[in-house]
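Everything on this sheet refers to the single structure shown next.
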Amino acid sequence: MPELPEVETVVRGLRAVLPGRRILEVRLGKTDFIENPAALEENLPGARIGAVKRYGKFLLLELESASTDEAARELALLIHLGMTGQLVTCPPDARVAPHTHVFLALDDGKELRYTDIRRFGSMQLLADGAREKALGSLGADPLEMTEEQFAAAIGSRRARVKALLLDQHVVSGIGNIYADESLWRARIHPMRIGATLKRDEIHRLYRAVRDVLNEAIRLRGSSVSDYVDSSGQRGEFQLRHRVYQREGKKCFRCGAKIRRAIVAGRSSHFCPSCQRAPRTRPQVAGGGL
DNA sequence: AGCTCTTCCTGAAAGC
DNA sequence: TGCTTTCAGGAAGAGC
């Protein structure tokens, strides 16, 4: 599922081919994940693609409307890949994958396609002033924030650290895979309360999050379900997972059996030996460590 | 403030 | 074997 490293990989791929391209034609399939489908059909044809950006797990295609009619409106297409979203460029006669719902014909003869099996993704055309409203509440990007900012965001909260890492308003871009992998690397139990983390633990978590994300970007993301990059290629970081989907297997560090528990409503994988459960209130469901 | 539950959706996997 | 049920999960909203 696309999290920060996967979205970053897609963004880098699109950055190499999209800027400067003009959109010639739009075709839509199912549109229940698009905020205003008619707005796409009206405004995308003729628009020129500018910068390709990433905000947490969001992709943003900046657009220059070709029509010089009224005020030259700055538009942007905001895209979230949800769990199974794919953005791929291909020749227009390439086989159409099932569940492909957006086709953008480009002026270099290529096509940009959006495929999303579960349609948990979203697509929205943002007018001039709407960008701040759509993205303003996002937390800082963990690769851009300082350790002090990270410590302030996590260390002041009474929620479980797993919930905090997943909360896009606290830090943006981390999902279930990278939360679990980061916590394992930092040797912190997912049920720990943010405000109870020691300075050294915050430091380890900050380092772990950044190291895991950077390494995952280097390996072009994790392909666990349907993720592929903008060329249709799978990533390789799933080969480096230490806890995610490794329930019952041996911890790479100590050999104990990896456990799975529901934390913050999400399946959480951790080593009960390396990542000590908090002693007092929050207990892992079913007792035990 | 933070937790749990629900909703959206499909396909894989488990259950019978 | 084949049908049915459960589950997974990003994000938002409801209710406590």
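Below, chain A is the first sequence line, B the second, and so on; all start at residue 1. For clarity, every value in this text was computed on a predicted model and none was experimentally measured.
B:dC9 atom P lies 12 Å from atom CZ of A:Phe33, rounded to whole Å.
In summary, A:Arg192 and A:Glu201 engage in a salt bridge, as defined by a charged side-chain N under 4.0 Å from a carboxylate O.
Within the structure, salt bridge (charged side-chain N to carboxylate O under 4.0 Å, His left out) contacts touching residues 210-224 of chain A (residues at least two apart or in different chains) are A:Arg185-A:Glu215, A:Arg207-A:Asp211, A:Glu215-A:Arg240, A:Arg220-A:Asp229.
Contact annotation for A:Asp116: no contact, since no heavy-atom pair falls under 4.0 Å across all strands.
For the pair A:Arg119 and A:Phe33, the cation-pi test (distance below 6.0 Å, angle within 45°) is failed.
A donor-acceptor contact closer than 3.5 angstrom is absent between the side chains of A:His241 and A:Glu181. Side-chain polar atoms of A:Tyr178 and A:Glu6 form a donor-acceptor pair below 3.5 angstrom.
Within residues 95-104 of chain A, no residue is approached by DNA chain C to less than 4.0 Å at the level of any non-hydrogen atom.
Remark: the backbone N or O of A:Gly232 is not paired with any side-chain donor or acceptor of A:Gln86 at under 3.5 angstrom. Remark: the backbone N or O of A:Arg22 is paired with a side-chain donor or acceptor of A:Asp107 at under 3.5 angstrom. A donor-acceptor pair under 3.5 Å links the side-chain atoms of A:Ser223 to the main chain of A:Gly235, judged by distance alone.
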5' to 3', nucleotides 8-13 of chain C under a 4.0 Å protein heavy-atom cut-off (B base, S sugar-phosphate only, - none) gives BBBBS-

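The side chain of A:Lys30 contributes no N or O atom lying less than 4.0 Å from OP1 or OP2 of B:dC8.
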